[in-house]
Structures are given as C-alpha cells and as structure tokens.
There are 2 protein chains.
Amino acid sequence: MLNAALDSIGAVKSVRRGHEIYGENEPAEFLYKVLSGTVRTSKVLSDGRRQIGAFYCSGEMFGLEFGETYSFSAEAVGECTILAVDRHSLNSVASRNNKVAYQLWLVTAAELERAHRHITLLIKTAQERVAMFLLQMGTGPTTGSEIDLPMSRQDIADYLGLTIETVSRTITQFAREAAIEVPTSRHILVHNRAALQRLND
Amino acid sequence: MLNAALDSIGAVKSVRRGHEIYGENEPAEFLYKVLSGTVRTSKVLSDGRRQIGAFYCSGEMFGLEFGETYSFSAEAVGECTILAVDRHSLNSVASRNNKVAYQLWLVTAAELERAHRHITLLIKTAQERVAMFLLQMGTGPTTGSEIDLPMSRQDIADYLGLTIETVSRTITQFAREAAIEVPTSRHILVHNRAALQRLND
DNA sequence: CGACCATTTGATATGGATCAAGCGATGTGG
DNA sequence: CCACATCGCTTGATCCATATCAAATGGTCG
C-alpha cells in the first residue's frame with residue numbers, strides 16, 4: 001500500500017504560514033503529503049501575475065513530478081505539517097512493488113482530473129467560478145454547509161483568475177441573495193446550496 | 001515497448017470530418033492513438049458553451065481514462081485515421097509488463113503537463129492566448145515558420161476561451177504588425193516569432 | 001451563377017479590471 | 001488602556017478588453 005510506503009520512508013516537517021516548500025524549476029527531489037494545514041502550488045509570470053495551480057488539504061499529495069524539476073512552486077497557506085518522501089527511494093519501492101506503482105499512477109490521474117476541473121472553471125463567469133470554488137471547498141471532511149477557508153481572498157482570486165475585488169463583490173452578492181452567510185471573511189455558511197449549484201455545468 | 005503493444009492489439013479505424021469518436025460519460029472502453037489527421041476533445045456545458053480540452057495530432061494518444069467513463073468527448077477535426085486499443089487487453093499487458101505500465105503512466109503525465117499549460121493560457125489576455133496557441137501549433141513535425149491549422153476559428157476560440165471574433169481580430173492584428181502572414185485562413189506564416197514569444201510568460 | 005458556410009470587419013454593450021477610499025480586525029508602543 | 005499603524009477585506013467610481021449583435025466578404029461546391 002502506498003501510504004505504508006510513504007510513512008516508512010518519509011520525514012515529517014513543519015512549515016510556517018506563507019513559507020516556500022519548494023520553488024518552480026528546482027530539482028524535484030521529494031513527493032509530499034499534507035498531514036495538517038493547507039498547501040498551495042503557484043507560478044508567477046514575468047509581469048507579476050500569479051497563477052495558483054491548486055490547494056492541497058490534509059491527506060492529499062503534491063509535488064509528484066516526472067521531469068527533473070518542479071513545474072510549480074509550493075507554499076504553506078497556513079501553519080502546516082507535511083511528510084516529505086524521497087523520490088528515488090519511492091521509485092525504487094515502486095519498481096519492486098506493482099501496487100505502489102499503480103497508486104502513484106492514480107495520484108497523477110487525480111491531479112489530471114483536478115486540472116480538467118480547473119480548466120472548466122476558467123472559462124466561466126465570475127459568479128460561476130466563485131460558486132464552483134465554494135462548492136468544492138464545501139465538500140470533503142467538513143460537515144455539510146460550513147466552509148472554513150484557510151486561504152486569503154488574494155489566493156482565491158489567483159486561483160480563479162479574477163481580481164480580489166471581484167471575488168469579494170461576488171461573495172457579498174451571494175450573501176445579499178441569501179445563498180450564503182459570511183460571519184467572518186474566512187468562515188462561510190451555505191444556506192442555499194442549490195442556488196450555487198445552479199451556476200455550475 | 002508501448003507502441004508495439006498498441007499495434008498488436010489495436011484496430012485501425014477511419015473517422016469522417018466532425019464525427020464523434022466517443023461521447024462524454026460513455027464507458028471508456030478504448031484508448032486511441034492518432035495515425036493521421038487531428039482529433040479534438042471537448043465538453044459542452046448546459047447553456048451551449050463548448051470547451052475544447054485539447055487537440056491531438058498524428059502520433060499522439062488520447063482517451064486514456066481511469067474512471068469507468070470518458071470525461072470529455074472526442075471528435076475528428078478533419079478526416080482521421082486512428083488506432084483503437086481495447087482498454088482491458090492493454091491493462092492485462094501492462095499488469096505483466098512493467099515497461100508498458102510505465103509508458104502508460106508517462107502518457108498520463110504528458111496529459112497533465114498539457115492541462116497545466118492550458119490553465120496558464122486561460123488566465124492571459126487574448127493576444128497572449130492566440131500567440132501562445134500559434135507558437136504551440138508551430139512546434140512539432142512541421143518545419144519552422146509555417147503553420148497549417150487543421151481546425152476552424154470556432155475550434156480555436158473554444159480552446160482559448162475566447163469568441164471567434166476575438167480570435168479573428170487578434171490574428172488580423174498580428175498580420176498588420178507583420179508578425180505573421182495569413183495567405184489563407186488555415187495557413188499561417190510566422191515572420192517574427194520573437195514578437196509572439198514576447199507575449200508569453 | 002447562386003447558395004452556403006467560414007471568416008472578417010464594424011458598431012455597440014458589458015463584465016470584470018483598475019484606481020481609489022473606507023472599514024474593521026489585530027497588534028505595537030507609549 | 002488607549003492612540004496609531006498595519007493588514008486584509010469591502011465598497012464605490014470609472015475604464016477598458018472582450019463579448020455581442022449585425023453585416024460584408026470570400027471561398028467552395030452543386
């Protein structure tokens with residue numbers, strides 16, 4: 001099993017809020033798993049625009065690469081603990097153990113599916129993007145209609161390909177329409193999930 | 001080797017211009033390789049907007065899935081011949097042959113890289129998107145500065161997340177600036193590659 | 001030649017970006 | 001404990017890139 005392999009050869013690290021885990025184009029020596037907190041991957045264009053590739057929550061893996069270098073950089077969104085697994089050790093386990101190799105393939109496949117969802121997101125309107133984002137954040141281990149956003153508005157904007165002002169205004173608008181409630185900026189209650197879902201595919 | 005495996009268990013088919021190879025959500029029974037022509041994958045949203053996932057040229061593989069169903073549909077852009085490989089046969093080869101399994105993983109990884117490039121494209125301006133698209137189409141087997149576009153302006157627009165008018169205007173603008181020349185709408189000569197490249201990352 | 005389709009071009013509208021304040025939490029030093 | 005700076009977020013006013021609507025052009029095939 002993959003998780004057993006990871007645990008046996010991985011090293012636990014903790015990373016401070018905002019600190020870099022690895023940089024774009026650095027040699028891809030490690031594969032990581034989030035143990036607690038949230039990690040974002042990102043890329044900064046020459047003119048300063050930033051694209052966030054994905055957010056990774058507890059239990060998810062990131063930093064799996066095929067080339068020699070990372071194609072995005074990775075930073076801790078908040079305080080994080082992560083498991084760092086040496087790529088070569090893992091490869092050697094995978095070459096002896098088909099199940100582990102298959103699990104690594106599945107991680108890549110999951111990553112691909114994530115990227116496809118992201119592409120579909122980026123051709124939509126601002127309302128649709130924000131709605132889709134909230135719904136995505138609302139699924140997972142947390143219960144039903146409460147969403148705790150670990151990331152800033154700027155992070156959300158850079159993930160959605162919008163500006164911070166547009167994200168803020170759209171959230172305000174959803175709140176005015178009573179689809180959601182925003183007790184604090186990082187904590188959102190979804191009252192009318194159907195209204196948000198109506199804005200999807 | 002993967003290609004040998006594909007050739008031995010694959011069946012050659014030809015597909016007419018515009019015809020569907022498989023549909024979104026259909027059971028994913030086959031993995032395909034383009035032998036000649038170009039294939040596009042796409043997804044149509046409920047309101048009619050169409051997103052093109054990718055274009056596949058001769059030699060490239062498409063339709064590799066992990067779930068039970070295809071996540072995009074696939075159509076022939078022009079007259080095409082393709083090789084259809086039964087997924088279960090291939091899986092059984094892969095389970096016995098590590099090299100084949102590894103190659104399949106690489107196909108997924110290439111697909112992921114493609115998706116990441118696509119995401120980066122979609123956060124840019126219209127000029128940058130079109131420039132990047134032309135440069136991408138200009139690499140590959142064809143020689144240097146000549147691009148033959150197998151697809152329509154509408155296909156390009158749906159790939160880039162723009163309208164057909166914007167794509168057309170942007171191409172006209174590049175021609176006016178003498179970066180390119182457009183003898184016919186499907187045939188483009190790149191005169192100033194650097195000018196296009198300047199619009200990228 | 002005439003019908004049809006893809007593409008280009010023109011005129012106008014608009015969603016989201018940009019520029020600019022204001023506001024509310026959190027923290028720091030006096 | 002309170003001014004005051006700072007930071008993240010929201011709100012307002014205006015602008016602009018791209019969409020939308022509409023028409024002209026050109027290429028292809030019967």
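The figures here come from the full heavy-atom set of this structure, side chains too, leaving out hydrogens, waters and symmetry mates.
Atom CG of A:L83 sits about 8.5 Å away from atom CG of A:L31, to the nearest 0.5 Å.
Around the CZ atom of B:R17, the shell of radius 6.0 Å holds no more than 12 heavy atoms that belong to other residues, nucleotides or ligands.
Inspection of the B:E24 and B:S71 side chains reveals no N or O donor paired with an N or O acceptor under 3.5 Å.
Using a 4.5 Å heavy-atom threshold, the side chains of B:K43 and B:S73 count as separate. Looking only at side-chain heavy atoms (C-beta outward), A:I82 and A:L35 stay at 4.5 Å or farther from each other. Under the 4.5 Å side-chain criterion, counting only non-hydrogen atoms from C-beta, B:T166 is in contact with B:T170.
The stretch residues 164-180 of chain A touches DNA chain D through A:E165, A:S168, A:R169, A:T172, each having a heavy atom under 4.0 angstrom from the strand. Annotation: proximity of residues 36-51 of chain B to DNA chain C (heavy atom, distance under 4.0 Å) is found for no residue. In the region residues 124-135 of chain B, proximity to DNA chain D at under 4.0 angstrom, judged on heavy atoms, holds for B:T125, B:A126.
An OP1 or OP2 oxygen of D:dA19 is reached within less than 4.0 angstrom by a side-chain nitrogen or oxygen of B:T163. Side-chain N/O atoms of B:R186 include none lying less than 4.0 angstrom from OP1 or OP2 on C:dA6.
Taking each heavy atom of B:G161 and B:R129 in turn, the nearest pair found is O-NH1, 3.4 Å. Across all their heavy atoms, B:V15 and B:A76 have their closest contact at CG1-CB, 3.8 Å.
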- Message: Checking A:R49 against B:E128 for the salt bridge (charged side-chain N to carboxylate O under 4.0 Å, His left out) test, could you report, in this order, the C-alpha distance in whole Å, the side-chain angles of both residues, the deciding distance, and whether it holds?
- Response: CA-CA 13 Å; A:R49 276 173 298 179; B:E128 291 169 323; 2.9 Å; yes

- Query: side-chain contact (heavy atoms from CB on, under 4.5 Å) between A:Y102 and A:L2: does it pass, once the steps are laid out?
  - Reply: CA-CA 9 Å; A:Y102 181 71; A:L2 182 60; over 6 Å; no

- Message: What verdict does the salt bridge (charged side-chain N to carboxylate O under 4.0 Å, His left out) test give for B:D155 and B:R50, after you've listed the backbone C-alpha separation in whole Å, the side-chain angles of each residue and the deciding distance to 0.1 Å?
- Response: CA-CA 9 Å; B:D155 282 342; B:R50 184 180 65 151; 2.8 Å; yes

- Test side-chain contact (heavy atoms from CB on, under 4.5 Å) on A:H19 and A:I21 and set out the steps. CA-CA 7 Å; A:H19 280 218; A:I21 297 165; over 6 Å; no

- Working for side-chain contact (heavy atoms from CB on, under 4.5 Å), residues B:I119 and A:Q51: CA-CA 9 Å; B:I119 288 171; A:Q51 170 63 32; 3.4 Å; yes

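Rounded to an integer number of Å, the gap from CG of B:L162 to P of C:dG15 is 18 Å. Atom-to-atom, CD1 of A:I156 to C1' of D:dT10 comes out at 14 Å; the value is rounded to the nearest Å. For A:L149 and D:dT10, the CG to P distance is 10 Å, given to the nearest whole Å. The CZ atom of A:R153 sits 16 Å away from the P atom of C:dA17 (whole-angstrom rounding). In this structure, the CD atom of A:Q154 is 12 Å from the P atom of D:dT10, given to the nearest Å. In this entry the distance linking CD1 of A:I188 with P of D:dC9 reads 11 Å, nearest Å.
Between A:R87 and A:E29 there is no salt bridge, since none of the side-chain N atoms of the basic residue sits less than 4.0 Å from a carboxylate O of the acidic one.
Here the two rings, on B:F72 and B:F62, have centers that are 6.0 Å apart or farther.
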- Message: Across nucleotides 25-30 of chain D, 5' to 3', mark each nucleotide with B, S or - according to how protein heavy atoms within less than 4.0 Å reach it.
- Response: ------

Pair up each side-chain donor or acceptor in residues 106-115 of chain A with any protein partner under 3.5 Å, not counting sequence neighbours, and list the distances.
from	atom 1	to	atom 2	distance (Å)
A:T108	OG1	A:L104	O	3.2
A:T108	OG1	B:W105	NE1	2.8
A:E111	OE2	A:Y56	OH	2.2
A:E113	OE2	A:R117	NH1	3.4
A:R114	NH1	A:F55	O	3.0
A:R114	NH2	A:E60	OE2	3.0

Identify all pairs in which a protein N or O lies below 3.5 Å from an N or O of nucleotides 22-27 of chain C, and state each distance.
none

